[in-house]
Amino acid sequence: MSVIPSRRTVLRGAAAAAAVPLAGAVSSGSARASSASPSASPAGSPHSAGLGPNVLVFDPSMGDAAIQAQVDAVFTTQQSNQFGSERYALAFMPGTYTVDINVGFYTHVLGLGESPDDVVINGHVTVDAQWFDGNGTQNFWRAAENLTIVPPDGLNRWAVAQAGPMRRVHVKGNMTLWPSPPGNRWSSGGFLADSVVDGYVESGSQQQWLSRNDTFGSWTGSNWNMVFVGAQGAPAQSFPTPPMTTIDRTPVVREKPFLTVDRHGSYQVFVPALRRDSTGTTWAGGRAAGHGVALSRFFVARPGDSAADINRALARGQHLLFTPGVYELSSTIQVSRPGTIVLGLGYTTLRSTHGNTLIDVADVDGVTVAGVLIEAASAHTPVLLKVGDGCGRHRHDNDPTVLFDVFARIGGAVAGGAGVSVQIDSHDVILDHLWLWRADHGLDGTVGWAVNPADTGIAVNGDHVTAYGLFVEHYQKYEVIWNGEHGRTYFFQNENPYDVPTQSAWVHGSTNGYASYKVGDHVRDHQAWGLGSYCFFNLNADIYTDHTYEVPDTPGVVFTDLMTVCLNGPGGGGMLHAVNGAGDPVQNGFAVYNMKRYSNGVATV
């Protein structure tokens with residue numbers, strides 16, 4: 001997402017920062033070779049269950065000063081390390097800590113208790129933007145989950161852009177979603193789920209946001225597109241003045257599985273139960289419904305493990321836990337067993353090196369894929385991640401497959417190309433926070449119209465698919481193609497490709513450009529709420545797209561609360577219509593257009 005020139009600055013020649021030595025990093029206990037050398041396990045620390053050197057497990061007996069030193073060392077490495085290869089998970093055993101945690105790139109902060117209240121941070125868990133002159137619109141790839149934050153000044157700051165989720169967190173105070181002074185500038189696109197903020201949430205200059213199944217004391221502020229689904233204490237529906245979209249209940253969802261440890265030091269992954277028509281958190285009334293799976297039933301993968309190694313473990317009936325790092329994969333991980341859990345820690349990054357699909361999930365019940373960044377590292381990968389095989393034949397409504405915090409990247413760190421980043425062929429799949437990104441900036445030689453080509457972020461062919469938080473940016477053709485029936489999307493954020501070289505390079509038939517979100521011509525039932533699409537064409541080539549959203553004119557296809565924004569200077573082009581031929585243009589200068597509803601050829605503004 002971009003809104004100002006400093007956000008658009010391409011980071012030329014940026015080198016990955018070297019990892020600093022981390023005193024007390026916990027040994028994994030694995031016999032497999034590692035690219036990093038773990039330090040000795042700190043005194044009083046529990047065994048890390050073979051989670052590798054980049055999972056730092058803390059317990060209160062280590063002492064706050066020692067923990068603070070390690071947390072600060074990680075942040076020093078990761079604060080501005082946008083396209084580096086280092087990955088970290090900071091895991092806190094149940095207890096109380098007086099530390100401040102600054103969260104940098106590829107850093108995953110997690111509590112290991114059954115409840116968020118089992119791990120208490122008397123301090124801040126902060127995302128800010130002083131590394132980028134107070135501009136938070138590149139604060140990607142970081143996360144916090146399953147802990148309680150007690151900010152000593154009463155205010156916690158989480159100024160993120162895409163791929164910066166906060167889940168299952170209790171803030172005992174207030175929270176702000178924009179950067180601190182002296183910059184006090186923009187942030188751009190966050191996701192909060194299954195969380196409680198006792199006081200107020202202040203969005204400030206945060207441009208768009210999705211809150212799902214949260215509880216707030218109150219909410220203040222708005223910018224372009226704020227969406228609330230099943231959130232208690234959310235503001236009333238008021239789009240577009242202010243631009244709040246509020247849906248009282250979440251129709252169907254289960255929460256992301258999370259790692260826990262009991263008082264005996266035994267690890268498990270807890271899988272929350274499916275909920276329907278829900279509001280608020282899973283844990284407000286006590287232990288969340290669900291079941292635990294012992295870590296002994298997982299294959300704990302380390303960088304250097306191949307897809308063949310992983311597939312042998314999956315064939316034996318094991319689940320899969322990725323420890324932090326970059327995995328170069330030349331063949332596909334095959335997930336064929338119902339109920340399989342694939343869980344990444346510390347922004348696990350999977351790279352397709354030979355045009356191979358990275359993860360292929362069979363048309364079965366109840367699979368989880370969570371916490372992975374999938375990346376194209378060859379000239380063309382037809383599909384990076386796939387669920388189902390062709391047109392789905394079976395319903396999975398009682399036990400759906402869910403993708404949580406799945407992020408795709410084409411370009412930026414490595415040059416590569418892709419056809420479709422995520423393809424959903426099964427029915428009843430739930431998508432819970434996806435950011436699919438064809439990079440608009442990155443390291444030298446990784447970004448350009450012909451350098452990181454990518455057609456489509458997501459293609460949905462299955463029926464009854466539900467998306468909460470669909471972020472798709474800069475793809476060169478239809479960014480979203482939705483062919484399945486009875487689809488539902490709650491919050492969509494998009495930017496057109498910046499780098500269109502000429503209008504003739506971005507046409508199909510007689511149509512200029514491609515719609516950001518296309519519902520298939522044959523579809524008769526599809527609904528979407530809270531959609532925003534933006535254009536900034538940065539080559540001064542006078543580029544236009546004829547319409548931003550493309551849908552069949554039929555009563556069952558309904559878009560509610562949608563907007564278009566032009567960020568171009570004069571003469572830079574723009575978007576000529578919002579949906580099909582309806583809606584005013586936004587072009588040749590900053591402009592915003594809002595539409596309350598579109599269905600069956602009728603627009604309501």
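Fair warning: this is a prediction, and the values are worked out from it, not measured in the lab.
- For Val229 against Tyr490, the heavy-atom pair with the smallest separation is CG2-CB, 3.9 Å.
- Side-chain atoms of Asn494 come within 3.5 Å of backbone atoms of Val472 as a donor-acceptor pair (strictly under, hydrogens ignored).
- Counting heavy atoms from C-beta on, the side chains of Arg488 and Asp525 come closer than 4.5 Å.
- In this structure, Ser188 and Gln208 have side chains that are in contact, with non-hydrogen atoms separated by less than 4.5 Å.
- Aromatic ring centres of Phe471 and Phe491: separated by under 6.0 Å.
- Not a single donor-acceptor pair under 3.5 Å links the side chain of Thr560 to the backbone N or O of Arg597.
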Exercise for review: Applying side chain to side chain donor-acceptor pair (under 3.5 Å), run through His396 and Asp363 and close with a yes or a no.
Suggested key: CA-CA 9 Å; His396 306 284; Asp363 185 30; 2.7 Å; yes

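- Under 4.0 Å is where a charged nitrogen must lie from a carboxylate oxygen, and between Arg337 and Asp365 no such pair does.
- Tyr517 and Trp482 have parallel rings, their planes meeting at less than 30° on a 0 to 90° scale where 60° marks the start of perpendicular.
- Side chain of Ser599 to main chain of Val557: a donor-acceptor pair is present (N/O by atom type, distance under 3.5 Å, no hydrogens or angles).
- The shortest side-chain heavy-atom distance between Phe492 and Trp529 does not fall under the 4.5 Å cut-off.
- Ring centers of His577 and Tyr593: at least 6.0 Å apart, outside the cut-off.
- In this structure, His464 has its ring center under 6.0 Å from that of His486.
- For the pair Asn483 (side chain) and Val460 (backbone), a donor-acceptor distance under 3.5 Å is absent.
- Pairing each heavy atom of Thr401 with each of Val364, the nearest pair is OG1-O, 3.5 Å.
- The shortest side-chain heavy-atom distance between Leu373 and Arg409 falls under the 4.5 Å cut-off.
- Ionic pairing of Glu145 and Lys256 is present here: one or more N-O contacts between side-chain nitrogen and carboxylate oxygen are shorter than 4.0 angstrom.
- Closest non-hydrogen pair, Gln334 versus Leu314, comes out as O-CD1, 3.3 Å.
- Contact check for Lys596 versus Phe559: no side-chain heavy atoms found under the 4.5 Å cut-off.
- Checked against the 6.0 Å centroid threshold, Trp209 and Phe191 do not count as a close aromatic pair.
- We find that Arg395 and Asp428 are joined by a salt bridge, their nearest charged nitrogen and carboxylate oxygen being less than 4.0 Å apart.
- Looking at Leu403 and Asp432, their side chains never come closer than 4.5 Å, going by heavy atoms from C-beta outward.
- Asp277 and Arg249 are not joined by a salt bridge, as no carboxylate oxygen comes within less than 4.0 angstrom of a charged side-chain nitrogen.
- Closest approach of Ala578 and Met595 over heavy atoms only: CB-CE, 4.1 Å.
- Geometrically, Arg142 engages Phe105 in a cation-pi contact defined by less than 6.0 Å to the ring centre and at most 45° from the axis.
- When side chains are defined from C-beta on, Thr381 does not count as touching Asn356, because their heavy atoms never get closer than 4.5 Å.
- A centroid separation of less than 6.0 Å is found between the aromatic rings of Trp219 and Phe228.
- Classification of the Trp141-Tyr106 ring pair by plane angle, with boundaries at 30° and 60°, yields parallel.
- Classification of Arg167 and Asp405 as a salt-bridged pair holds, one side-chain N sitting under 4.0 Å from a carboxylate O.
- In this structure, Tyr478 and Tyr514 have perpendicular ring planes: the angle between them is above 60°, well past the 30° mark.
- No donor-acceptor pair closer than 3.5 Å links the side chain of Asn580 to the backbone N or O of Ala582.
- Contact check for Val414 versus Arg351: side-chain heavy atoms found under the 4.5 Å cut-off.
- A cation-pi geometry, defined here as NZ or CZ lying under 6.0 Å from the six-membered ring centre and within 45° of its normal, holds between Arg212 and Tyr468.
- The aromatic rings of Phe407 and Tyr347 sit parallel to each other, their planes meeting at less than 30°, with 60° as the upper class boundary.
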